[in-house]
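Please find one structure pasted underneath; my questions will follow.
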Amino acid sequence: MTTTIEPPADAVAKDAHWAAKLERLRNRTRPTLTLRICDDQAAKDALATAQYAERRIKETAEADPDSPESKKAVRTAAAEVKKAQAAVDEASIVLTFRALERTVLAELKKQHPATEEQAEDGYEFNPDTLGPALVAASSVDGLTEDDARLFLETWSDAEAEALLAAAFNVQAESRMDLGKG
């Protein structure tokens with residue numbers, strides 16, 4: 001049985017679009033983050049070189065921005081960056097992670113309690129066992145816990161940390177602005 005809560009009358013009076021706003025709030029998707037993995041160093045180097053050349057050409061073009069030669073050089077450099085970026089994109093593996101619902105995340109943490117030693121160090125959960133489970137649970141691509149464990153055990157420290165960071169950081173991702181409206 002679903003209970004529908006009516007919005008406060010004063011809120012409706014202040015905002016004639018309250019029902020639509022409430023519907024949008026109820027239908028929000030959870031945040032996502034991506035992790036891009038590119039093992040093609042030549043493609044990454046070509047992109048960095050093209051980006052550097054583009055910056056230099058733009059700086060030079062600032063002296064005479066209306067000249068046809070400057071405009072052409074800027075367009076050519078931008079096209080080279082776009083081409084190099086496409087090569088990096090083609091060579092890359094992109095993993096996407098979505099934030100879990102708070103209750104799901106809390107339950108997952110409960111399933112991976114800290115060891116006595118970890119608890120003494122201030123841990124609320126066991127990061128060694130939670131890591132692979134969180135990677136799998138938040139993976140949009142279907143990574144399994146076994147996949148995650150294998151990657152975390154065999155990748156370099158920096159790459160394993162990046163994988164963990166993607167899964168953990170998406171849980172803290174906020175798309176809200178607490179500034180004055």
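Just so you know, residue 1 is the first one in the sequence shown, and it goes up from there. Worth saying up front: this structure is predicted, and the values here are computed from it rather than measured.
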Open item on the list: Taking NZ in Lys44 as the centre, count heavy atoms belonging to other residues, nucleotides or ligands within less than 6.0 Å. Is the count above 12?
Closed with: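 Yes, the 6.0 Å shell around NZ holds more than 12 heavy atoms from other groups.
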
- [ ] Count the heavy atoms belonging to other residues, nucleotides or ligands that lie under 6.0 Å from CG of Asp157, then report whether that count exceeds 12.
- [x]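 No, because the 6.0 Å sphere around CG of Asp157 holds 12 heavy atoms or fewer from other groups.
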
Open item on the list: Any non-hydrogen side-chain atom of Thr96 less than 4.5 Å from a side-chain atom of Leu33?
Closed with: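 Of all side-chain heavy-atom pairs linking Leu33 with Thr96, none is under 4.5 Å.
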
TODO: Decide whether Ile37 and Val94 are clustered together by the hydrophobic rule: side chain heavy atoms of Ile, Leu, Val, Met, Phe, Trp, Tyr closer than 4.5 Å, transitively.
DONE: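 No, because Ile37 and Val94 fall into different hydrophobic clusters, even though each may have its own neighbours under 4.5 Å.
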
- [ ] Drop me the distance from Leu47's CG to Gln85's CD, to the nearest 0.5 angstrom.
- [x]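 If I round to the nearest 0.5 Å, the distance is 5.0 Å.
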
TODO: Let me see the working for Lys58 and Glu54 under salt bridge (charged side-chain N to carboxylate O under 4.0 Å, His left out), right down to the final yes or no.
DONE: CA-CA 6 Å; Lys58 284 181 176 180; Glu54 181 184 38; 3.7 Å; yes

TODO: Check step by step if side-chain contact (heavy atoms from CB on, under 4.5 Å) holds for Val135 and Phe168.
DONE: CA-CA 8 Å; Val135 167; Phe168 275 96; over 6 Å; no

TODO: Determine whether the side chains of Gln41 and Asp45 contain a donor N or O and an acceptor N or O closer than 3.5 Å.
DONE: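 Indeed, the side chains of Gln41 and Asp45 share at least one donor-acceptor pair under 3.5 Å.
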
TODO: Kindly determine whether Glu173 and Asn169 satisfy side chain to side chain donor-acceptor pair (under 3.5 Å), including the steps that lead there.
DONE: CA-CA 6 Å; Glu173 184 71 17; Asn169 289 349; over 6 Å; no

- [ ] Can you measure from CD1 (Ile93) to CG (Leu95) and round to the nearest 0.5 angstrom?
- [x]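 The CD1 atom of Ile93 sits 7.0 Å away from the CG atom of Leu95.
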
Task: Value rounded to 0.5 Å, distance of OG1 in Thr129 from CD in Glu145 - done: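 Going from OG1 on Thr129 over to CD on Glu145, the span is 8.5 Å.
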
Open item on the list: Ignoring hydrogens, what is the shortest heavy-atom contact between Pro132 and Ala148? Give both atom names and the distance.
Closed with: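 Taking every non-hydrogen atom into account, O-CB, 3.6 Å.
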
Task: Heavy-atom side-chain contact between Asp128 and Tyr123 under 4.5 Å - done: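 No, every pair of side-chain atoms sits at 4.5 Å or beyond.
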
- [ ] Work out which heavy atom in Leu100 is nearest to a heavy atom in Gln171; give both atom names and the distance.
- [x]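 Minimum heavy-atom separation between Leu100 and Gln171: N-OE1, 2.8 Å.
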
TODO: Report yes or no: does Arg30 contribute a side-chain atom to a donor-acceptor pair with the main-chain N or O of Ala99 at less than 3.5 Å?
DONE: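 Yes: the side chain of Arg30 pairs with the backbone of Ala99.
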
Open item on the list: Using a 6.0 Å cut-off, check whether atom CZ of Arg149 has over 12 heavy atoms from anything other than its own residue.
Closed with: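 Result for CZ/Arg149: enclosed.
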
- [ ] Please assess Val140 against Phe97 for the test side-chain contact (heavy atoms from CB on, under 4.5 Å), listing each intermediate value before the final yes or no.
- [x] CA-CA 5 Å; Val140 172; Phe97 298 90; 5.9 Å; no

Task: Nearest-0.5 Å distance, CG of residue Leu152 to CG of residue Leu164 - done: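 The CG atom of Leu152 sits 4.5 Å away from the CG atom of Leu164.
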
Task: Worked verdict on Thr29 versus Arg175 for side-chain contact (heavy atoms from CB on, under 4.5 Å) - done: CA-CA 11 Å; Thr29 58; Arg175 300 166 293 174; 3.9 Å; yes

Open item on the list: If you define the side chain from C-beta out and look only at heavy atoms, does anything of Pro127 sit under 4.5 Å from Gln118?
Closed with: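 In contact.
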
Task: Nearest-0.5 Å distance that lies between atom NZ in Lys72 and atom OG in Ser67 - done: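 So the gap between those two atoms works out to 11.5 Å.
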
TODO: Specify the closest pair of heavy atoms between Asp64 and Ser70, including all atoms of both residues, with the distance to one decimal.
DONE: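 Taking every non-hydrogen atom into account, O-OG, 3.0 Å.
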
Task: Pair Arg55-Glu59, salt bridge (charged side-chain N to carboxylate O under 4.0 Å, His left out): steps then yes or no - done: CA-CA 6 Å; Arg55 282 192 304 276; Glu59 289 170 2; 6.0 Å; no

TODO: Inspect the surroundings of CZ in Arg56 and state if more than 12 heavy atoms from other residues, nucleotides or ligands are less than 6.0 Å away.
DONE: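 No, because the 6.0 Å sphere around CZ of Arg56 holds 12 heavy atoms or fewer from other groups.
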
Task: Closest non-hydrogen atom pair between Ala114 and Ala119, with its separation - done: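 Scanning both residues, the minimum pair turns out to be CB-N, 3.9 Å.
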
Open item on the list: For a 4.5 angstrom cut-off between non-hydrogen side-chain atoms, does Leu105 reach Leu134?
Closed with: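 Heavy-atom side-chain distance check passes, below 4.5 Å.
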
Open item on the list: Is it the case that atom CD in Glu124 sees more than 12 heavy atoms from other parts of the structure closer than 6.0 Å?
Closed with: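 Not buried by this count: 12 neighbours or fewer within 6.0 Å.
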
TODO: Taking Asn126 for its side chain and Thr115 for its backbone only, find out whether a donor-acceptor pair lies under 3.5 Å.
DONE: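 A pair under 3.5 Å: no.
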
Task: Heavy-atom donor-acceptor pair, Lys71 side chain to Pro65 backbone, under 3.5 Å - done: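 Looks like no, no N/O pair under 3.5 Å.
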
Task: Point-to-point distance, once rounded to the nearest 0.5 Å, from CD of Glu23 to CZ of Arg28 - done: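 With rounding to 0.5 Å, CD (Glu23) is 13.5 Å from CZ (Arg28).
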
Task: Between Asp89 and Ser92: side-chain donor-acceptor atoms closer than 3.5 Å - done: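 Looking only at side-chain atoms, Ser92 and Asp89 do not form any donor-acceptor pair under 3.5 Å.
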
